[in-house]
Number of protein chains: 2
Amino acid sequence: MKNNHVTIKHLARELGISSSTVSRALKDHPNVSPETKKAVTDLAEKLNYLPNSIALSLRRSKSNTIGVIIPEIVHFFFSTVISGIEDIAYNAGYSVIVAQSNESYEREVMDTRALANHRVDGILISMSRETTDYEHFESIHRRGMPMVFFDRVCDTINCSKVIVDDFDGAFQVTRHLIQQGYKRIAYLAGPENLIISKQRMDGYCMALEQYNRAFDESLIVRGRAADSEETAKELTAKLLNSPNPPDAMFAINDRAALGAMKAAKEKGLKIPQDFAIAGFSNWEFTSMTDPAITTVDQPGFKMGQEAAKLLIREIEAEEDETIIPETRILKTDLIVRGSSLVNGHL
Amino acid sequence: MKNNHVTIKHLARELGISSSTVSRALKDHPNVSPETKKAVTDLAEKLNYLPNSIALSLRRSKSNTIGVIIPEIVHFFFSTVISGIEDIAYNAGYSVIVAQSNESYEREVMDTRALANHRVDGILISMSRETTDYEHFESIHRRGMPMVFFDRVCDTINCSKVIVDDFDGAFQVTRHLIQQGYKRIAYLAGPENLIISKQRMDGYCMALEQYNRAFDESLIVRGRAADSEETAKELTAKLLNSPNPPDAMFAINDRAALGAMKAAKEKGLKIPQDFAIAGFSNWEFTSMTDPAITTVDQPGFKMGQEAAKLLIREIEAEEDETIIPETRILKTDLIVRGSSLVNGHL
DNA sequence: CTGAAAGCGCTAACAA
DNA sequence: TTGTTAGCGCTTTCAG
């Protein structure tokens with residue numbers, strides 16, 4: 001490719017003036033005569049001058065670029081987050097470099113390094129599933145690189161974070177089912193070591209408590225319930241065939257809900273009349289042909305926006321200003337299918 | 001933020017040598033003594049030196065960055081494309097800047113300009129729906145900016161393109177239905193002015209012809225059939241209530257297929273026994289609970305890969321080398337639900 | 001109002 | 001084997 005970039009120098013030479021004057025004219029500096037200004041802008045227009053942001057970045061040691069590291073792009077939640085990030089970044093004059101770790105620690109380390117080399121002004125991160133060592137983040141954080149974690153956050157780094165209120169989401173879902181008149185709400189639990197699992201379970205319990213429902217251990221399926229649609233289906237079927245079956249189900253994720261739905265259908269139960277399903281979900285449900293499922297949507301777009309805002313705030317803070325890291329907890333949106341939005345925060 | 005970047009100068013000063021020596025040592029230049037080399041790399045390691053790609057970009061007038069402009073990120077097809085782009089880019093040492101036009105012409109123009117300013121080495125584009133004027137692309141293309149269009153391509157610009165073989169996809173779908181034994185295959189057509197609509201219709205006709213089926217105009221629904229799920233449903237219902245109803249349906253997109261499915265279900269038809277549906281789709285179907293629908297998937301990942309490869313090839317071509325623009329037509333993947341992949345090209 | 005000069009971080013020719 | 005110098009494109013003192 002022939003490198004045909006028009007530079008300030010070209011304009012200067014053409015007009016027989018110095019490049020500093022051109023520079024000033026271009027940015028409408030007061031101390032430059034109207035004639036020169038006009039001549040410069042006209043020529044710039046004519047030759048289609050495009051300022052070189054690379055040079056600017058070097059000069060200012062600021063690239064007006066932010067980096068994003070996510071586990072995968074092809075995922076409704078994450079692509080929604082990127083979209084939110086892009087929204088805020090664009091309006092604040094930043095470009096967005098996207099790197100996907102593919103859930104690989106090694107790749108994440110490389111991505112981090114690459115973004116640091118690129119001198120992005122800050123980094124937004126959702127960690128890979130593999131990541132347990134945080135040195136690659138810590139080393140650049142020590143150097144003062146602004147960073148904000150979202151969704152999959154790193155506890156050991158003292159920076160801003162954006163997460164979802166799993167407790168409240170679970171509470172909302174359960175309350176919704178109770179308010180709809182369901183009596184026996186089963187729960188397909190997630191892995192017990194995950195914080196989100198615990199929080200969701202707590203939200204479920206809290207709703208039961210608040211509505212004076214007894215907690216019934218026989219309605220709780222612990223273990224690998226939500227690992228796959230298959231297991232969820234089997235476990236639900238077992239529950240449905242028990243002597244005192246549930247009339248509703250809290251599903252911890254898409255797989256759990258899909259499995260539960262299939263089990264119910266096979267048993268000939270009408271959804272949601274005989275058996276209601278509600279729970280956490282990502283993309284899958286929004287396109288489901290069966291509108292009978294109420295879901296808590298992760299507010300991905302908002303999460304991206306919030307994370308980007310926090311990051312940019314930190315990037316643009318004055319030298320001496322100290323930004324206190326802040327963890328923002330976003331409410332989920334309860335979406336009732338087959339009717340309008342019940343409790344949307346968007 | 002305090003700007004704590006270690007530079008070559010720092011290393012040089014610390015070691016009492018010149019920065020050029022440091023530079024050479026860092027890149028393992030032959031003409032530098034082993035001792036110096038070791039001293040330099042050790043110190044670089046210790047101080048966690050990270051090369052400044054911005055400075056490098058300026059020096060080399062090459063940013064090792066490619067820009068992507070897409071209508072929206074939150075879309076299975078497009079996010080898949082990005083993923084494919086990222087895959088190739090990463091392995092070739094390029095970063096990816098993503099800009100979404102949000103289907104807005106104005107925004108697309110701004111994005112193009114921003115990427116040009118950023119001195120990306122090339123741009124990958126899928127045009128916004130609004131775009132009918134191409135000057136923003138042409139002006140940078142004239143300057144020699146490598147660019148490749150994908151999916152929503154621009155005909156007036158002489159550069160490489162990657163598109164999907166709609167004709168073949170439609171042919172495959174129709175043939176599949178015929179081979180499954182369906183006799184009367186209805187067709188909900190797309191807008192007649194779109195090239196893809198025509199090509200898909202041609203593929204449909206070709207399959208009929210090849211299997212000696214008569215083309216029956218009464219099975220074709222022209223017009224706004226695929227505009228919304230609602231209209232698709234109504235139109236399908238009408239067909240199903242006609243004296244000589246179809247036993248299968250070619251759906252031009254997700255909406256058409258969903259509408260058709262609902263109409264069939266309301267009429268109590270079993271899918272796919274009484275009424276089969278097959279057609280083009282994006283994400284929606286892959287998560288459908290009803291496995292009875294055969295779809296042609298747009299090969300998004302591959303499209304991203306191919307587009308990125310074409311772009312990088314052009315970027316890295318020698319000065320004097322002339323790259324002949326090339327339009328790559330990708331085959332679609334016929335995916336039969338409820339069974340394994342029948343004709344996958346991945 | 002305008003110009004000359006320095007420097008952001010890095011590399012590569014040229015000198016030593 | 002190492003150092004000096006110049007320059008990528010731009011802005012910004014400092015001098016005129």
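No hydrogens, no waters, no symmetry mates; every other heavy atom, side chains included, goes into these values.
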Looking at residues at least two apart in the chain, or sitting in another chain, which of them share a side-chain contact (heavy atoms from CB on, under 4.5 Å) with A:Thr65?
A:Ser63, A:Ser95, A:Ile97, A:Val120, B:His118
Could you list the residues that satisfy salt bridge (charged side-chain N to carboxylate O under 4.0 Å, His left out) with A:Lys46, not counting sequence neighbours?
none
Just the rounded figure in Å: distance from C1' of D:dC10 to CG of A:Asn64.
15 Å
Counterpart residues, side-chain contact (heavy atoms from CB on, under 4.5 Å), relative to B:Thr21 (two or more places apart):
B:Ile17, B:Ser18, B:Arg24, B:Val32, B:Thr36
All side-chain contact (heavy atoms from CB on, under 4.5 Å) counterparts of A:Val74, not counting sequence neighbours
B:Phe76, B:Ser79, B:Thr80, B:Ser83
Any donor-acceptor pair under 3.5 Å linking the side chain of A:Asn64 with the backbone of A:Gly93?
yes
Please list, chain by chain and in numerical order, all residues satisfying side-chain contact (heavy atoms from CB on, under 4.5 Å) with A:Ala114, sequence neighbours excluded.
none
Estimate the overall bend of the helix from C:dC1-D:dG16 to C:dA16-D:dT1 from the end axes over five pairs each, rounded to 10 degrees.
50°
Strand-adjacent residues in residues 32-44 of chain A, judged by heavy atoms under 4.0 Å from DNA chain C
A:Val32, A:Ser33, A:Thr36
Taking salt bridge (charged side-chain N to carboxylate O under 4.0 Å, His left out) as the definition, give me every residue that meets it alongside B:Asp111, ordered by chain and number, with sequence neighbours left out.
B:Arg107
Distance in angstrom units between B:Arg59 CZ and C:dG7 P, rounded:
18 Å
Sorted by chain and number, sequence neighbours left out, salt bridge (charged side-chain N to carboxylate O under 4.0 Å, His left out) with A:Arg129 holds for A:Glu103
Excluding sequence neighbours, so at least two apart, what forms salt bridge (charged side-chain N to carboxylate O under 4.0 Å, His left out) with A:Glu306?
A:Lys309, A:Arg328
What residues form a ring pair (Phe, Tyr, Trp, His ring centres under 6.0 Å) with B:Tyr94, not counting sequence neighbours?
none
Using heavy atoms and a sub-4.0 Å distance, could you list which residues of residues 7-31 of chain B are near DNA chain C? By number, please.
B:Thr7, B:Ile8, B:Lys9, B:Ser20, B:Ser23, B:Arg24, B:Lys27
